[in-house]
Protein chains: 2
Amino acid sequence: MPNVTRATKPAPGLPPCLPPFLPFTDRPERGGAAIPGRPSRHLRGSEIYAEGSAIRQLYRVVSGAVRVCRMLPDGRRFIAQFALPGEVFGLDGVEEHRFSAEAVTEAVLIAFARRDLEACLDREPLAAQSWQAYTLEKLAAAQDRFILLGCRSATERVAHFLLDLAARARPGREGLALPMSRYDMADYLGLTAETVSRTLTLLRKAGMIAIEDNHRLHLLDTGRLMQAAEPGRAAA
Amino acid sequence: MPNVTRATKPAPGLPPCLPPFLPFTDRPERGGAAIPGRPSRHLRGSEIYAEGSAIRQLYRVVSGAVRVCRMLPDGRRFIAQFALPGEVFGLDGVEEHRFSAEAVTEAVLIAFARRDLEACLDREPLAAQSWQAYTLEKLAAAQDRFILLGCRSATERVAHFLLDLAARARPGREGLALPMSRYDMADYLGLTAETVSRTLTLLRKAGMIAIEDNHRLHLLDTGRLMQAAEPGRAAA
DNA sequence: CGTGCCTTTGAAGCAAGTCAAACAAAGTGG
DNA sequence: CCACTTTGTTTGACTTGCTTCAAAGGCACG
């Protein structure tokens, strides 16, 4: 918890990306209804919380990226979620974290006490409704991901992932940032790093994407990419 | 909605399996706080609601089994959930159903109006808290299923499925009921019916299960089955 | 008592995994 | 600042577990 005041408002007017109406704030002076947040900075690869620890806070990503993951008994790793700037993570269980969270890149977060959130939900019917919709949306998204993991080919998974990242990306530098490694992508998509790499090469050779470097690429043909992501669905 | 009064309390004292504290009731006279339910009966294979329709009610299964599923553009089907007696389904989206629901066997359900639930949550802080915990639990369960679908072998999936069914089954007749077909199981586990059949044969030859008939089997060695479900985890 | 669906089993094909090696990038220490 | 190490990426060759295709048997339902 070093001084990161500079980082507490790097994006002027933090869009309340998710959840939409929840009065999270990093400026405690804004009013009694707001949930006060505490900024923190995490080095690349460092653990933010451990699997099995009590859930005491939620986090909103200010900058960088976070992976929410679990090590399986056989040594494999599974990534449940990537949290990008503006997004919230940390509620991966009821009482205890069922996953751990790690910084994919150096990351600046704002932490909100869980009890503050719960108090707010009890106090503010509108916030409660918004939270309700948020969790419902997350559940619906989870079911879509079941389909992705359950019966999609490698190409479909990777294409879907790229489009999802693009949809979630903040308007910023030209091109699509891939903060995570091929291994991270693989563990998120239920593939291997080799397959992810091969698939990206395939999409590149097919002219759908251009790879600037290992952590940045460009979507050249979103229509065909969408076709690759969901065969049978019409291109945009 | 034929007369099914006989079916409205077939299990004396419907265990409030899920969600635990929600005041669902099929006896409207019990008090103002309760959410009144309306019974209905559905023939094997019939549609309970369609994908894309508005979410107006939730359902609790009284008897039978229900599958919540979606047809994919390429003709494949994916099953997101099986609802067994005592369990609740129908909230697979925010405003519209993102899946359809069909009776796996002849099924008796109780339908609860969504607005009644929401009114209850607004009115009763305890119910709201309980609902909150329920959705959180569902979300956590979803993440476990990601792992199953993302990086588990056919044997692990089937073993896990059988143990899950056994844990959810009502105490009743000896043995484990499998109301669904091999195709249903396959579409739930992200496999093919052939692979499910082969895997069951494998488990049977390994002495872990005994197959009474196509819709009923017995778990002979839960310990080894758990090992088969999660390699690296200790047997019970 | 047929007819159609479900289940089981076999054989062959294939997509993704595994193993391996070369290369590139990022981080470390002199 | 550069050499060195480590980590990540790409590509190739091979293996494998699941799917696909096919066919026979069984059960359930009209």
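As the structure is a prediction and not an experimental result, all values here were calculated from the model. Lettering follows sequence order; numbering is per chain, from 1.
- The listed nucleotides are D:dC18, D:dT11, C:dT18; the one nearest the side chain of B:Thr195 is D:dC18.
- Residue contacts for A:Gly190: at a heavy-atom cut-off of 4.0 Å it reaches the sugar-phosphate backbone alone, with no base atom in range.
- Rounded to whole Å, atom P of C:dA16 lies 8 Å from atom CZ of A:Arg157.
- Of the candidates C:dG17, C:dT7, D:dT20, C:dT7 carries the atom nearest the B:Ser181 side chain, counting heavy atoms from C-beta on.
- Nearest nucleotide to the A:Asn214 side chain, out of D:dT9, C:dG17, C:dG27: D:dT9.
- A heavy-atom distance below 4.5 Å is not found between the side chains of A:His42 and A:Glu102.
- Proximity note for A:Ala154 (side chain, C-beta onward) versus C:dT7, C:dA16, C:dC19: the nearest is C:dA16.
- For A:His215, taking side-chain heavy atoms from C-beta onward, the closest of the listed nucleotides C:dG17, D:dT9, C:dG27 is D:dT9.
- Look at B:Arg198 and you won't find any side-chain N or O under 4.0 angstrom from OP1 or OP2 of D:dC18.
- The interatomic distance linking B:Met185 (CE) with C:dC6 (P) rounds to 14 Å, in whole Å.
- A distance below 6.0 Å separates the ring centres of A:Phe146 and B:Phe146.
- As judged by a 4.0 angstrom heavy-atom cut-off over every strand, B:Leu191 is placed among residues touching the sugar-phosphate backbone only.
- Set against C:dC6, D:dT11, D:dG8, the side chain of B:Tyr183 has C:dC6 as its closest nucleotide.
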Step-by-step side-chain contact (heavy atoms from CB on, under 4.5 Å) determination, A:Leu220 to A:Met208: CA-CA 5 Å; A:Leu220 298 181; A:Met208 299 189 213; 5.9 Å; no
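- B:Glu106 has its CD atom 11 Å from the P atom of D:dC29, to the nearest Å.
- Under 3.5 Å, the side chain of A:Glu194 and the base of C:dC19 form at least one donor-acceptor pair of N or O atoms.
- Ring pair A:Phe161/A:Tyr188 is tilted by interplanar angle, where 30° to 60° counts as tilted.
- Phosphate proximity of D:dT20 to B:Thr192: absent, as no side-chain N or O sits under 4.0 Å from OP1 or OP2.
- Taking only side-chain atoms of A:Ser153, from C-beta outward, the nucleotide of C:dA16, D:dA13, D:dA22 with the closest atom is C:dA16.
- Considering only side-chain atoms of B:Arg182, the nucleotide from C:dT8, D:dT11, C:dT18 that sits closest is C:dT8.
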